[in-house]
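Got a structure here, written out as structure tokens. Questions coming.
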Amino acid sequence: MAAAVVGDSEFDVGNLLILNRVQPDGYTEEALKKSAQAEAQELVAKLFDLPTEINDDGVLASLPDPTYQLPREKPPPSDKAITKWEEFRREKGIKKRKKEGRVWDEEKQEHVATYGSKRRQLDRKMDWLREVPDNYTPKEDGGDAFLDDQIDRRERVKKQKSREVSNQRRNRDNSAIASLDAASSKLTTASMGKFDSNSVKVNIGKGKSKNAPKKSKVAMRNRKRK
């Protein structure tokens, strides 16, 4: 049997999609290959009819809006939980300022990095002499001003890690509270939330529910301690 003609197919150029509703029963493998080749050539020909632009990557075609709304492979990403500093910045109205990656150094007559590993290497290379007052006392026995900087750097890293752990713990507690609120709202309905949509399944008996959120158990255990 002859292959399906290109006219039997639908083209969604926005998704680069070819849809052929003809049933493949009765067609040979060679006929299906020829049909797929002809449809792919037709799709490529349609791309050459689209408006194009030229940039460093070459000639690019502007795709039209897709005809079909294809489902996502994964759920859309959830909003990232804000940190304590971000919450404080929004309350105070502090605006973010973009820091330039490189600036012009008049002494070296070249552009140098303003942050990152290259900046640290440059600072260590240029910082070979320190002036200290007469009453200077190192933070460790046998230390010096350079060793003091290393100690301060370790303390800053330690505090930063502590803040990150605190933010993660705070986000987990907020998620646990939200799960408990969802579970308690179910108990206020006559059906005990059985027919509620978009609700969390929670076992209120002695058994364990497979769909019950683990975070709610932690929060409930913490409430009992209080």
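Bear in mind that the values here come from a model prediction, so they are computed numbers and not experimental data. Side chains are part of it too, since the values below use all heavy atoms of this structure and drop only hydrogens, waters and symmetry mates.
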Return the set of residues passing salt bridge (charged side-chain N to carboxylate O under 4.0 Å, His left out) with Lys139 (not counting sequence neighbours), or none when no residue passes.
Asp152
Exercise: do Arg163 and Gln160 side chains pair donor with acceptor under 3.5 Å:
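Yes - a donor-acceptor pair under 3.5 Å links their side chains.
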Got Leu63 and Asn15 here, is their nearest side-chain heavy-atom distance under 4.5 Å?
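No, too far: nothing below the 4.5 Å cut-off.
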Remaining members of Val44's ILVMFWY cluster at a side-chain heavy-atom cut-off under 4.5 Å?
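The other cluster members (ILVMFWY side chains, heavy atoms under 4.5 Å, direct or chained) are Phe48.
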More than 12 heavy atoms from other groups under 6.0 Å of CD on Glu29:
no
Can you list the residues that meet the salt bridge (charged side-chain N to carboxylate O under 4.0 Å, His left out) rule with Arg72, with sequence neighbours excluded?
none
Who pairs with Arg21 by salt bridge (charged side-chain N to carboxylate O under 4.0 Å, His left out), at least two apart in sequence or on another chain?
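Salt bridge (charged side-chain N to carboxylate O under 4.0 Å, His left out) list for Arg21, sorted by chain: Glu10.
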Which residues end up grouped with Ile94 if you chain together Ile, Leu, Val, Met, Phe, Trp and Tyr wherever their side-chain heavy atoms are less than 4.5 Å apart?
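Once heavy-atom contacts under 4.5 Å are chained together, Ile94 belongs with Trp85, Phe88.
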List the residues meeting side-chain contact (heavy atoms from CB on, under 4.5 Å) with Arg170, not counting sequence neighbours, and say none if there are none.
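Only Lys84, Glu87, Asn167, Asn174 meet the side-chain contact (heavy atoms from CB on, under 4.5 Å) criterion with Arg170.
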Does any part of the side chain of Gln150, heavy atoms only, come nearer than 4.5 Å to the side chain of Arg154, both counted from C-beta?
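In contact.
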Closest heavy-atom pair, Leu47 versus Ala61, reported as atoms and distance to 0.1 Å, is O-CB, 4.1 Å
Apply salt bridge (charged side-chain N to carboxylate O under 4.0 Å, His left out) to Asp149 and list each qualifying residue two or more places apart in sequence or on a separate chain.
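Salt bridge (charged side-chain N to carboxylate O under 4.0 Å, His left out) list for Asp149, sorted by chain: Arg130.
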If the condition is side-chain contact (heavy atoms from CB on, under 4.5 Å), which residues does Ala36 pass it with, not counting sequence neighbours?
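Partners of Ala36 under the side-chain contact (heavy atoms from CB on, under 4.5 Å) test: none.
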Remaining members of the apolar cluster that contains Val59, side-chain heavy atoms under 4.5 Å:
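Ile54, which link up through side-chain heavy atoms under 4.5 Å apart, make up the rest of the cluster.
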Nearest heavy-atom pair of Glu42 and Phe11: which atoms, and what distance?
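Shortest heavy-atom contact: CG-CZ, 3.5 Å.
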Those residues that, when tested against Leu60, pass side-chain contact (heavy atoms from CB on, under 4.5 Å) (two or more places apart):
Glu53, Asn55
Which residues pass the side chain to side chain donor-acceptor pair (under 3.5 Å) test with Arg89, not counting sequence neighbours?
Glu86
Among Arg119, Arg120, Lys118, side-chain contact (heavy atoms from CB on, under 4.5 Å) partner for Leu122
Arg119
Who are the side-chain contact (heavy atoms from CB on, under 4.5 Å) partners of Tyr115, not counting sequence neighbours?
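With neighbours one apart ignored, the set is Lys99.
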What's the shortest heavy-atom distance between Thr67 and Asp12, and which atoms?
N-OD1, 2.9 Å
Glu106, CD: over 12 other non-hydrogen atoms inside 6.0 angstrom:
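More than 12 within 6.0 Å, yes.
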Euclidean distance, Leu17 CG relative to Leu19 CG, rounded to 0.5 Å
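Answer for the CG-CG pair, Leu19 versus Leu17, is 6.0 Å.
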